[in-house]
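The model shown is predicted, which means the values in this text are computed figures rather than measured ones.
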Amino acid sequence: MCQLLGMNCATPTDITFSFTGFAQRGGGTDHHGDGWGIGFFEDKACRLFIDHAPAVASPIARLVRELPIQSRNVIAHIRKATQGEVKLENCHPFVRELGGRHWLFAHNGNLAGFAPTLDGVYRPVGDTDSEHAFCVLLQGLRAAFPDGPPSLEAAFDEVARLVPPLRAHGEFNFLLSNGQGLLAHCTSRLWYVVREWPFREAHLADMDMSIDFSRETTPADRVAVIATAPLTVNEEWTAFAPDELILFREGRPVRKARTA
């Protein structure tokens, strides 16, 4: 099973601490060694790093861990291949344009017997069920909003409508963002934590590393971190309900819907 990591913030924030622990799951504390990727939004566009090497041993992952890129929306993924070869074009997150903005997507799960009809505007580069599902979502959003959704909030209800036919093929845990916020959908397993003032110390679950966020933050900061499994051992993480879609804005959940 792949691993997802997302971050949505009220102010530009780096994901160095969370990603350091998360990367250990890519061949260190877990067996997900079939590639990884991370995308950082900067307004309408995202800065994307992907590699088909295990995250725990990837020089690119080491660069990301040591380079505190600040962003308000981040999506990362560690791959355990179920469909598609271990190669660069099958690494998540995937990125496409819609409405003059980049859209970023990562999926955890397996969609069996999934062979969607695509209209040609969005087509997969690789051969994963995940990238096909992303194309279906964007194709549906483009049909509903020919000029692109005016906001991620406007897209929320349409995404909720598009999920059930995809979910019918299997597990469909995913993260989706266009830089205005972050959408997270859970089929089986997804958690989130909101860090806000007064901040406190957090300790990673996958390695012996702690950080005192009260020394690094201000009262204006607020951060929501979403992950397949909790990244820290001393914070109160909230489990998503099965088939729950949540929109995160300004570092907190602002809308929720059930997709089944």
Side-chain angles (χ1 to χ4, degrees), residues 1-42 46-80 88 91-95 102 104-108 173-177 179 181-182 184 189-195 199 201-213 215-217 221-235 237 248 251:
M1 191 175 190
C2 301
Q3 295 271 330
L4 296 170
L5 169 64
M7 184 179 75
N8 170 259
C9 312
T11 60
T13 304
D14 74 73
I15 199 172
T16 304
F17 176 72
S18 294
F19 183 74
T20 297
F22 182 69
Q24 294 300 309
R25 299 177 180 181
T29 58
D30 214 329
H31 59 277
H32 303 76
D34 298 329
W36 67 278
I38 187 168
F40 302 83
F41 267 97
E42 298 177 20
C46 66
R47 189 189 301 264
L48 184 67
F49 300 87
I50 56 173
D51 191 0
H52 61 280
V56 73
S58 167
I60 302 173
R62 184 169 63 248
L63 169 68
V64 172
R65 292 196 302 270
E66 296 173 354
L67 186 64
I69 299 172
Q70 293 199 330
S71 175
R72 294 180 63 184
N73 292 284
V74 179
I75 291 177
H77 181 272
I78 289 173
R79 186 170 184 241
K80 173 64 177 175
L88 198 63
C91 292
H92 311 214
F94 304 106
V95 63
H102 278 163
L104 197 62
F105 174 86
H107 167 230
N108 168 6
N173 308 295
F174 70 80
L175 302 176
L176 175 69
S177 178
L182 192 147
R189 189 169 56 143
L190 207 57
W191 299 74
Y192 73 89
V193 64
V194 174
R195 297 175 180 143
F199 292 87
E201 184 177 84
H203 191 93
L204 289 174
D206 294 270
M207 61 188 303
D208 187 12
M209 180 178 176
S210 298
I211 186 171
D212 185 352
F213 285 112
R215 297 177 180 271
E216 311 289 336
T217 55
D221 295 318
R222 185 172 52 249
V223 178
V225 178
I226 303 97
T228 298
L231 292 169
T232 56
V233 295
N234 64 331
E235 294 183 291
W237 289 73
F248 292 86

Mind telling me whether Phe199 and Phe213 have parallel, tilted or perpendicular rings, with 30° and 60° as the class edges?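 Plane angle between 30° and 60°, so tilted.
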Classify the angle between the aromatic ring planes of Phe105 and His107 as parallel (below 30°), tilted (30 to 60°) or perpendicular (above 60°).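 Parallel.
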Drop me the distance from [X]'s [atom1] to [Y]'s [atom2], to the nearest 0.5 angstrom.
X: Leu231; Y: Leu5; atom1: CG; atom2: CG; answer: 6.0 Å
X: Trp36; Y: Ser58; atom1: CH2; atom2: OG; answer: 5.0 Å
X: Asn8; Y: Arg222; atom1: CG; atom2: CZ; answer: 9.0 Å
X: Arg25; Y: Gln3; atom1: CZ; atom2: CD; answer: 5.0 Å

[X] side chain to [Y] backbone, donor-acceptor under 3.5 Å:
X: His102; Y: Cys46; value: yes
X: Thr20; Y: Thr16; value: yes
X: His92; Y: Ile78; value: no
X: Asn108; Y: Leu4; value: no
X: Arg47; Y: Ile69; value: no

What are the two closest non-hydrogen atoms of [X] and [Y], and how far apart are they?
X: Ala23; Y: Ala55; value: O-CB, 3.7 Å
X: Ile226; Y: Ala184; value: CG2-CB, 4.3 Å
X: Ser71; Y: Cys9; value: O-SG, 3.9 Å
X: Cys91; Y: Gly35; value: SG-CA, 4.1 Å
X: Asn73; Y: Ser177; value: CB-OG, 3.8 Å
X: Arg79; Y: Cys2; value: CA-SG, 3.9 Å

Close side-chain approach of [X] and [Y], heavy atoms under 4.5 Å:
X: Leu175; Y: Leu182; result: yes
X: Pro230; Y: Val193; result: no
X: Glu235; Y: Arg195; result: yes
X: Ile38; Y: Phe19; result: yes
X: Phe40; Y: Ile75; result: no

Mind running side chain to side chain contact (heavy atoms under 4.5 Å, CB included) on Ile50 and Leu88 for me, showing each step along the way? CA-CA 7 Å; Ile50 56 173; Leu88 198 63; 3.9 Å; yes
One pair to check against side chain to side chain contact (heavy atoms under 4.5 Å, CB included): Thr13 and Arg72. What are the steps and the verdict? CA-CA 6 Å; Thr13 304; Arg72 294 180 63 184; over 6 Å; no
Between Thr228 and Trp191, does the side-chain hydrogen bond (donor to acceptor under 3.5 Å, both in side chains) criterion hold? Intermediate values first, please. CA-CA 6 Å; Thr228 298; Trp191 299 74; over 6 Å; no
Side chain to side chain contact (heavy atoms under 4.5 Å, CB included) between Phe17 and Leu204, intermediate numbers included: CA-CA 8 Å; Phe17 176 72; Leu204 289 174; 3.5 Å; yes
Quick one: do Phe248 and Met7 satisfy side chain to side chain contact (heavy atoms under 4.5 Å, CB included)? Show the steps, please. CA-CA 9 Å; Phe248 292 86; Met7 184 179 75; over 6 Å; no
